[in-house]
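None of the values given here were measured: they were computed from a predicted structure. Order of the sequence lines fixes the chain letters, A, B, ..., with proteins taken first and strands second; residue numbering starts at 1 for each chain.
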Amino acid sequence: MAVTFYLMAVLLLLSAVAVITFKNPIYSALALVFNLFVVAGLFATLDAHFIAAVQVVVYAGAIMVLVMFVLMLLSAKLEKASPFSPLYFGAALICGLAFAVTLGLEFDSGFNSAPPASDLQGTVAAVGKVLYSRYVFPFEAASLLLMAAIAGAVVLARRRYRTKEL
Amino acid sequence: MNQAAISATIWPIAFFPLLGALLAYVLGRKERDWAGIIATAASALSFLWVVKLVWALPEAHYFEDQLFQWISLADLKVDFTFRVDQLSAVMCMVVTGVGTLIHLYSTAYMHEDEGRHRFFAYLNLFMFSMLLLVLGGNLMVLFIGWEGVGLCSYLLIGFWFKNLAYAAAGRKAFVVNRIGDAGFLLGIFLLLHLVGTTDFVALQPAIMSGNVALGTDFYTLVALCLFVGACGKSAQIPLFVWLPDAMAGPTPVSALIHAATMVTAGVYMLARMGFLFVLAPAALAVVLVVAVATAFVAATTALTQYDIKKVLAYSTVSQLGFMFMAAAAGAFWVAIFHVVTHAFFKACLFLGAGSVIHGCHHEQDMRHMGGLYKKMPITCITYGVSVLAIAGIFFFSGYQSKHAILGALEHWHNPHLKEWIEYILILVKFTAFLTAFYMTRSFVMTFLGEYRGHAHPHESPWPMTVPLIVLAVLGAFGGLALSGSLGFSLEHYLAALNFGAAAEHHHESIAAALINSWTGLLGVGLAFVMYTQLKELPGMFLRLVPPLSKLLSGKYYFDELYGAIIVRPLEGLAAFLWKVVDQGMIDGMVNGTAAFVDATGELRRITQTGQLRYYALMLFGATVFFIIFYYVL
Amino acid sequence: MELMILVAKVIVALFLVALHLAAFCTWVERKGSALIQDRIGANRSAAYVQTDNLLLKPVAFFLRIMGGLGVINTLVNDAVKAILKEDFVPAGVPKFVHALAPFLAVFPIFLAYAVVPMAPDFEAFGQVIRLQVASLDAGVLFLFAMGSVSVYGVAMAGWSGNNKFSLLGALRASAQMISYELAMGISLVTVILVYGTLDLYEMVNAQGKLWGICYQPLTFLILFTVGMAETKRGPFDLPESESELVAGYFTEYSGMKFLVFWLGEFAEIGLFALLLTILFFGGWNIPFFTYPSNHWIWAIVGFHVLLLKVVFFCVLQIVIRWTLPRFRYDQLMDLGWKILLPLSMLNLVFYAALKLSGGIG
Amino acid sequence: MVPITHYLILALLMFSIGVVGVIVRRNAIVVFMCIELMLNSVNLTFVAFSKQWGNLDGQIAVFFVMVVAAAEAAIGLAIILSVFRAGQSIETSDAAELKF
């Protein structure tokens, strides 16, 4: 079990680094898809089966497909490569490291390293029961949010006036 | 009002003019001539409804029409109620009757004006407000009408608002009225606070029972407050200065609003609240002093005026003083009597003046008139009859009411001023003489002698002469008809206004009456002689006493006085507030804030690179900073 | 022991079912299309196999029969040809992605076979065995996830071809798949609602008395249509329409990689047939017959009953593909968004109301 | 079992990588993907805590994060498309005109 986790962890970090280092955004997207699958796997190791499945369906199956779709739509026209900016790279690296280190320091004080005590199973039935009882109003609100997002996307993406052809 | 209520439909009386105002404006925009017809019709309908109601009004009863509950706040309940009792009936008759005539007159007088749809809409709106005032069953409804007529007065004085002086006159009327209204409102609030109602029917027993915590002092206070309101509306010293200026409005407006109806609202209010005033003798004494002073000052000022409308205006102020004298003596029916007769002959005078002005192509200076009796016979005769009426010559209506006033003053039974009443009577009689004198003067200067102007005067068309004739007849015989001689006695009709004051009846012979009108005869005769035969005499007389003449032609310098003690300091304060407080401090603060934001914005602008990743860097950098700050430091 | 059973299951699922179905579909595609088009079709392979050896004579005869039916042509000749062909990779192509795409297209489909139960439980080796590689709690959800993931292979194939035909094909394919996924998801939810479970085995059990098709025909029709569109075949084959886009997203593929796409497509047909059978046609259930025990004999019977039904649906899909003309692209989108999606939503509401009123379940 | 701390550190590292990506990259879609990376690392902590405390609320939170992410993807990509139409570029550094 532990081996699976560490293997996944390594893959996760590698793919995450790949996301931000690939020059070609399509490769970044592929790396991210892989990353998301690994996250789903990590969810599975935490017995969150439903969330793992939803992760694959929503993230990998919908969001990233959309991203890929847009990338493919635009990629032929995106020849310009971003010039590398050492200033930003350095600043970002320092920022990220400081972030990791300062938050990591907190773990010393806050948590012991005892393994999880609960035998919680995130099955469809279990999650569904909580979702449709305690969280039914947020759930409905989420449906409204999605509706608004659909409407917004349609309005934004519709070509209202003819600009230069894509 | 120890009378029984009968419910009846009263609201159409006020509703017709309101509808008329709307229609006259809306339809008048398309076709100007419709406005006059609509407005006159609305006014006439209202008059007919009043006649119908008054005809059916039994003795010692009143009609009541409770429309809806207007205000409901905790304990305070105010109903929107209309009532027609005898007092209201008389006022309604005058307002709608004279009003209709003046509407008819205006259709001809205003027939060339571009804005006449506006004019008639205002006029009907005024009728509506005035009817609200006299029909209102409590002080609150009365006050709506009170403010409504003030508004219409303002609108109509400034009707030709393109003339800045006219617009300023309207403003002056409005502002001066506000001062009076403040007093009136205070009175209403005091009543509300201490008695808890403003309904007349409920108020009267409450006041007369004397169960008010503060007693007579309270009565005096409230009475004085209300009188301040009446002073403003009815142009008494010290708030009379607006009325002469109000002549800026079209002449029918002067006739209707500033002679016949609106300015008598103060008298009506006093009569309405008579039960309160009779319990406050001190207040009544104040009323008497103010009334006599007003009558005298106005009459003397009128002597030196050359503008025909100004003469009439000062005359109105003076006559209003007479009305208040009657009220001060507790003879409220007499006050109303004079209101009615005054409405007849003063409306006739104003309309006659309007006819002259109309005929002389908007000439108002009497020095440029004269000899008009040949050109405008009807106007001349009606004007002459009205002059005799206002002069108080027996049997004309003015004699009846003025005689009643003098009679009421002779029976002064107020503990205050008891010892002065003799002298006051002399002054009043002298004022009556002056009235006859200056009115005859205006008649002579206008109609007799040779024409001194350059226009081509002509007689007015029938819509103007018919009201003149009707009003002249009323002015001649109206007083007699109301005095009881012909079987109808206004005194008896308004018996409810008799709050224990001694009602003395003295039947007099015609000879005695003629003798009693000696002041009027003297004034008329003297003026006639002085202005037809001895034309140098008035000038000589004025030159003999230069300070007096200056004082008179300067209208006692009331405007200048107010200018010096009220307007100038206020202007100074306003200038200070404007230049120093508003422009300096407040604008400075606002502009300073803006300048500060502007300056800091310029600084912040440097950090706005528009680069997303720069913002992201700042965001995460700040997060890191705060984490470090919190955990490490 | 456990491991061996698992391996056996995988072999059954992958080789006995998935690959067999794919092969069978390929043959039906070839020979069936010839039948429909009144051609003879492939019949020459092994036509001249002759032998003098008496023992081998039946074998030669069998081969000749197979050759005459086109089986050898389809399964052997074509496969050999594809494997031996040059694996041509165009210039300027991201090679890794190009190579990865076909396998990404096929992988989720074969993975999906893992959660499908193939036969009633039976007892062997002292334990109850279920012929299902992974008995997932959320079996339908997994199927759906795999369906949505299979877009990647198509999209990457089209993009990595560095060819406008393949890119257009990929765009069409992914748009089509995304569009029809909505109706598919909602219809699956309807099915879940009706059976009250996400477990495919439980669903089959629920149809012991009455097949699902009897009381949810509309759901079946929607899912069947969506399945045709998801496999990008039949009248929905716009992403690879020869007359417009050469071969769509796999224009730049040849040899083995092309074969893999081919395989994936037919495996998907088989998968959908399997799914429809399990959801609506009672799986291995036989009308008016209940399996008397969980003896392994009955498991084999059930397995073949299931396969029979699956074969029927495979053939049905291929027949439709060769019968109906192709849609126009706007018609395709209209069908997906304006007809199937609202219809499936209404359908869901209807069954939800029915369930709420106690009509079913 | 692996202790929760390891999950948390893993999530932290992934989050930091996402942060660096957001700052360094200029392609709007890649920036968007980096944000997804960060969201996912947070999801991981949610699920890990959920397991730790035996409470499903964490998984519910993940569910809602996914809903928001889906909405964000729809709107975000539509905006990126609009930006591209307007300026023929999805570089964030090119969309810097609205700065004062």
Considering only heavy atoms and a distance below 4.5 Å, find which of D57(D), L44(D), V62(D) pairs most often with chain A.
-> D57(D)
If you count heavy-atom pairs under 4.5 Å with chain A, which of L13(D), V19(D), I75(D) comes out on top?
->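 Answer, by heavy-atom pair count under 4.5 Å with chain A: I75(D).
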State, to 0.1 Å, how close [X] and [Y] come at their nearest heavy-atom pair, and which atoms those are.
X: L56(D); Y: A126(A); answer: CD1-O, 3.5 Å
X: L10(D); Y: A9(A); answer: CD1-CB, 3.7 Å
X: A70(D); Y: L146(A); answer: CB-CD2, 4.2 Å
X: A142(A); Y: V67(D); answer: CB-CG1, 3.7 Å
X: C34(D); Y: I20(A); answer: SG-CG2, 3.6 Å
X: N43(D); Y: Y59(A); answer: ND2-CE1, 4.1 Å

What distance do [X] atom [atom1] and [Y] atom [atom2] have between them, rounded to the nearest 0.5 Å?
X: N40(D); Y: L32(A); atom1: CG; atom2: CG; answer: 7.0 Å
X: L156(A); Y: L77(D); atom1: CG; atom2: CG; answer: 11.0 Å
X: I63(A); Y: M33(D); atom1: CD1; atom2: CE; answer: 12.5 Å
X: F139(A); Y: I60(D); atom1: CZ; atom2: CD1; answer: 9.5 Å
X: L37(D); Y: L36(A); atom1: CG; atom2: CG; answer: 8.0 Å

Looking at A148(A), S15(A), P138(A), which one has more heavy-atom pairs under 4.5 Å with chain D than the rest?
-> P138(A)
Which of V154(A), I150(A), V39(A), L66(A) touches chain D most, by non-hydrogen pairs under 4.5 Å | L66(A)
Sequence neighbours left out, what pairs pass ring-ring contact (aromatic ring centres under 6.0 Å, His included) with at least one residue falling in residues 27-57 of chain A?
-> F22(A)-Y27(A)
Heavy-atom distance under 4.5 Å to chain A: side chain of [X], backbone, both or neither?
X: F63(D); result: both
X: V22(D); result: neither
X: V30(D); result: side chain

Heavy-atom proximity to chain D below 4.5 Å, by part of [X]:
X: S143(A); answer: neither
X: A29(A); answer: both
X: A16(A); answer: both
X: L131(A); answer: both
X: M64(A); answer: side chain

For residues E36(D) and N35(A), is any side-chain donor paired with an opposing acceptor at under 3.5 Å?
-> no
Could you check if a side-chain atom of P25(A) sits within less than 4.5 angstrom of a side-chain atom of N27(D), using non-hydrogen atoms only?
-> yes
Name of the residue among I51(A), D47(A), V54(A) meeting side-chain contact (heavy atoms from CB on, under 4.5 Å) with Q59(D) | I51(A)
Assess whether side chain to side chain contact (heavy atoms under 4.5 Å, CB included) is satisfied between T45(A) and Y7(D), documenting all intermediate values.
-> CA-CA 11 Å; T45(A) 65; Y7(D) 281 97; 2.8 Å; yes
Do the ring planes of H6(D) and Y6(A) sit parallel (below 30°), tilted (30 to 60°) or perpendicular (above 60°)?
-> tilted
